[in-house]
Amino acid sequence: MAGVGYEVWGSGTRVVLVHGSLAVGPTEWEGQRPLAAQGYQLVVPTRRAYVPQSGTVGEDFLEDGQDLAELLGDGAHLVGHSYGGLAAMVAAAARPEAVHSLVLAEAPVFSVTAEHPDVVRLREQLETVSARAGSDREFLEGFLDAVGAPLEEFPPEVLDDLTTMVPALRLGRLAWRSDVPVESLLGAPFPTLVISGNHHAAFTAICDGLARVLGAQHRVVEGAGHDMQTMADAFNAALLDLWRGTG
């Protein structure tokens, strides 16, 4: 998989952890590292657009999904956060026989509740941010405001690091303008869990709609906004409940 970097933590049943936008895999999933001591092999990729030497400029969940389909190997649990959830859905649709379970943590699948007023409002805010000329820092500030991530919660050095990753998001395939393979996952042969953070009305509506359409469980992990995986105890407990229930 040219252009994709990944780390492997532990051994046992394979789990593929897929990071969201403005992130790299090992940093985003650090709170899940203890699961490697519980009989799981955690495969932690960094998606193409976030690997500087890959030559990929903007993130693309369709291309990422094909990479992830290879990482599933002979079978794996698949966990996708935010934009990484879209890529995870593509991988699961491509190789459903290789998926033990699917977890979607606030994956921005706008199509499942496209007419919900809060979802319409979020889409309009993101469209405005994307259309506006300006620096990457200005784009970042507008994006974080739209998704309900207060700027004052980010130390200056973190904002500096995030700014360097803005082109991957800004020049990528936009979630709210693209079709996601929801229909391909209807009646899938594996259980699906949707996790939301109860911090933003639009994300809650999307997660409710996604769980309803896919016939999935829906759990809430509060306390960290969109970055639910950082509430490691609660997030990991939700994963283990699902994984151990798959037999």
Side-chain angles (χ1 to χ4, degrees), residues 1-38 40-73 76-92 94-95 98-108 140 147 149 154 158 161-173 175 193 195 197 221 224-232 235-236 238-240 243:
M1 293 183 303
V4 179
Y6 64 92
E7 295 185 9
V8 178
W9 304 337
S11 60
T13 302
R14 177 170 286 206
V15 176
V16 179
L17 300 172
V18 191
H19 69 88
S21 298
L22 302 176
V24 295
T27 301
E28 175 158 314
W29 298 111
E30 182 62 31
Q32 284 58 61
R33 191 186 285 266
L35 295 170
Q38 299 195 45
Y40 295 97
Q41 179 193 66
L42 307 182
V43 179
V44 188
T46 293
R47 295 185 289 108
R48 287 174 180 263
Y50 296 93
V51 178
Q53 61 270 32
S54 72
T56 300
V57 178
E59 61 185 348
D60 185 335
F61 64 82
L62 297 179
E63 184 175 64
D64 291 335
Q66 296 306 312
D67 292 332
L68 296 172
E70 292 186 43
L71 279 183
L72 293 172
H77 296 290
L78 184 54
V79 182
H81 172 237
S82 194
Y83 194 95
L86 306 182
M89 293 173 72
V90 172
R95 295 192 62 207
V99 178
H100 299 326
S101 70
L102 175 63
V103 175
L104 302 171
E106 289 199 352
L140 175 66
V147 300
F154 294 87
V158 172
D161 288 342
L162 293 177
T163 301
T164 67
M165 293 186 275
V166 162
L169 168 62
R170 193 174 192 175
L171 301 175
R173 183 183 295 273
L193 171 65
I195 302 179
V221 175
H226 187 56
D227 293 323
M228 296 148 290
Q229 76 285 352
T230 64
M231 302 300 292
F235 193 90
N236 293 353
L239 299 183
L240 289 172
W243 298 344

Here the gap from L104 atom CG to L193 atom CG, rounded to the nearest 0.5 Å, amounts to 8.0 Å

M165 and A23 have their tightest heavy-atom pair at SD-N, 3.6 Å

| said: Classify the ring geometry of F61 against Y83: parallel below 30°, tilted from 30° to 60°, perpendicular beyond 60°. | reply: perpendicular

Those residues at least two apart in sequence (or on a different chain) that pass side-chain contact (heavy atoms from CB on, under 4.5 Å) with S11 are none

Rounded to the nearest 0.5 angstrom, the CE-CD1 distance for M231 and I195 is 12.5 Å

Sorted by chain and residue number, the salt bridge (Lys or Arg N to Asp or Glu O under 4.0 Å) partners of E30 (sequence neighbours excluded) come out as R33

The side chain to side chain donor-acceptor pair (under 3.5 Å) partners of H226 (sequence neighbours excluded) come to S82, E106

Closest non-hydrogen atoms of H77 and S101, given as atom of the first, atom of the second and distance, are ND1-OG, 2.7 Å

Residues 78-90 vs salt bridge (Lys or Arg N to Asp or Glu O under 4.0 Å), sequence neighbours excluded, gives none

Q.
For G65, is there any backbone N or O sitting under 3.5 Å from a side-chain donor or acceptor partner on R47?
A. no

Working for side chain to side chain contact (heavy atoms under 4.5 Å, CB included), residues Y6 and L71: CA-CA 10 Å; Y6 64 92; L71 279 183; 4.0 Å; yes

Inset, instruction - Using modelled atom types only, decide if a donor and an acceptor are shared between the side chain of R48 and the backbone of T56 within a distance under 3.5 Å. - result: no

Shortest non-hydrogen pair, G31 vs P34, comes out as O-CD, 3.4 Å

Sorted by chain and number, sequence neighbours left out, side-chain contact (heavy atoms from CB on, under 4.5 Å) with T163 holds for D136, R137, L140

Interatomic distance, CG@L72 vs NE2@H100, rounded to 0.5 Å, equals 9.0 Å

Task: pair P45-D67: side-chain heavy atoms closer than 4.5 Å - done: no

Between V18 and G84, the two heavy atoms sitting closest are CG1-O, 3.6 Å

Those residues at least two apart in sequence (or on a different chain) that pass side chain to side chain donor-acceptor pair (under 3.5 Å) with Y50 are E59

Side chain to side chain donor-acceptor pair (under 3.5 Å) filter on D60, not counting sequence neighbours, yields R173

Rounded to the nearest 0.5 angstrom, the CG-CE distance for L62 and M89 is 11.5 Å

* **W29/L35 under side chain to side chain contact (heavy atoms under 4.5 Å, CB included): CA gap, chis, key distance, verdict** => CA-CA 11 Å; W29 298 111; L35 295 170; over 6 Å; no

Looking only at heavy atoms, the pair that brings Q66 and A94 closest together is NE2-CB, 4.4 Å

Tightest non-hydrogen contact, residues L78 and A88, listed as CD2-O, 3.3 Å

dist Q38:CD -> L239:CG (nearest 0.5 Å) comes out at 10.5 Å

Applying side-chain contact (heavy atoms from CB on, under 4.5 Å) to R14 and not counting sequence neighbours gives V16, Q41, V43, A76

Residue set satisfying side chain to side chain donor-acceptor pair (under 3.5 Å) with H81, at least two apart, ordered chain then number -> E28

When rounded to the nearest 0.5 Å, the distance separating CG of L17 from CG of L42 is 5.5 Å

Exercise. Kindly indicate whether the side chain of V44, heavy atoms from C-beta on, has any atom under 4.5 Å from the side chain of W9.
Key: yes

> What do the steps show when you test L240 against F235 for side chain to side chain contact (heavy atoms under 4.5 Å, CB included), and what is the final call?
Replying inline: CA-CA 9 Å; L240 289 172; F235 193 90; over 6 Å; no

Taken in chain and number order and not counting sequence neighbours, the residues that satisfy side-chain contact (heavy atoms from CB on, under 4.5 Å) with T27 are V24

